[in-house]
Number of protein chains: 2
Amino acid sequence: MPGSNAAPLPVAFDGGAAGQWRVDAIMPVIGASLPDAAFVAVRDARADDGPPPADGWRLQGFTSNLRYTKRRESEALIARQAGLGRPAASCAALIPITKSPAWWAMAQDERRAVFEAQSRHIAIGLDYLPGVARRLHHSRDLGEAFDFLTWFEFAPEETPAFDAMLARLRATPEWAFVDREVDIRLTRV
Amino acid sequence: MPGSNAAPLPVAFDGGAAGQWRVDAIMPVIGASLPDAAFVAVRDARADDGPPPADGWRLQGFTSNLRYTKRRESEALIARQAGLGRPAASCAALIPITKSPAWWAMAQDERRAVFEAQSRHIAIGLDYLPGVARRLHHSRDLGEAFDFLTWFEFAPEETPAFDAMLARLRATPEWAFVDREVDIRLTRV
């Protein structure tokens, strides 16, 4: 969360036969999709976790400090964003993304320029607060297949707005650096 | 490494009875020290690693993309830096650091301002290239006790220059945000 010094939280998303969230759709956006799963279990990851669910998959990441957000942007986000777990927010999306080698070869100022000056990633997200709650998890540093896992929660009536937000983001210069993206839609059980 | 899109590398530092590096000294700089150890083994970390060495300790981290470096700084670093493993570089230092909650509560632009505009962290490091080789490992996101583990390698005659570099860094505004620092000196076996 912006401006927070909370300790990083390791999180696992287990796709399989059980979980708090029923899968409505798994849609490949760029590159390969993920195998079908009936449910996704979202939980704290632990070092002694067992194997991934049989006939399923596990995606892992950790929350961390924000890597691009400036102070005034952070303050705007904090003023408007909502937390996870709101009773009315019965819809969720899990969107794993892998960025390209060209993205990771850029220096910090170049990545920031694409992210905000060219793509207005933070500004677009702000337009959908507090309706859409969001938590970003970093996966690349764990050697995972995806670089980022973003989890969104929103009320059913916010779905058109959420889809509009995704369409705007996917049309930005930043998305030219996305090599793989899967869009998983879920409903709370 | 700056400007590189190399995949993150998980690394473990095992302090104990065996390793490629003999410990010459373990010095607390800020806060608590680490237990004594005769050797440090530096190796790739794996998910199926066993327990830490008996009567020893394990520090873990991962290399990653650079978080503050601008393109022209990155180019200056690439032009001058040396890699690890040079035969003449028989001295090493492992410096684990934990930054304060106040550091992590800052936004990206505020951290960058302290790091370089106020403290000239990159510029100071450049003054000691290529004599001192360096690899940064991130640990905070793994829930480790330290936030960063920096590994340095240099020839014995570079030791006074290395010490001078540390003295300059420790005198910067950035170091007001360091809550814990240990300085471990080693010689290749």
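In what follows, chains are A, B, ... by sequence order, proteins preceding strands, each numbered from 1.
- A chain of hydrophobic side-chain contacts below 4.5 Å, direct or via other Ile, Leu, Val, Met, Phe, Trp or Tyr residues, connects A:Val23 to A:Trp151.
- In this structure, B:Asp55 places its CG atom where only 12 or fewer heavy-atom neighbours from other residues, nucleotides or ligands lie under 6.0 Å away.
- Between B:Glu110 and the choices A:Arg71, A:Arg72, A:Lys70, the salt bridge (charged side-chain N to carboxylate O under 4.0 Å, His left out) rule is met once, by A:Arg71.
- Using a 4.5 Å cut-off between heavy atoms, B:Tyr68 touches chain A through its backbone atoms (N, CA, C, O) alone.
- A distance of 7.0 Å separates CZ of B:Arg67 from OG of A:Ser64, quoted to the nearest 0.5 Å.
- B:Met165 and B:Ile97 end up in the same hydrophobic cluster when Ile, Leu, Val, Met, Phe, Trp and Tyr side chains are linked at under 4.5 Å.
- A:Val178 and A:Phe146 fall into different hydrophobic clusters, where Ile, Leu, Val, Met, Phe, Trp and Tyr residues are linked whenever their side-chain heavy atoms come under 4.5 Å apart, directly or through other members.
- B:Val182 and B:Trp175 end up in different hydrophobic clusters when Ile, Leu, Val, Met, Phe, Trp and Tyr side chains are linked at under 4.5 Å.
- With hydrophobic clusters built from ILVMFWY side chains whose heavy atoms lie under 4.5 angstrom apart, B:Ile122 shares a cluster with B:Phe177.
- Heavy-atom distances place no part of B:Leu9 under 4.5 Å from chain A, backbone and side chain included.
- Looking at A:Arg112, there are no atoms closer than 4.5 Å to chain B (heavy atoms on both sides), in backbone or side chain.
- Here the OG1 atom belonging to B:Thr63 is positioned 8.0 Å from the CG atom belonging to A:Asp141, to the nearest 0.5 angstrom.
- We find the CG-CZ distance between A:Asn65 and B:Arg140 to be 6.0 Å, quoted to the nearest 0.5 Å.
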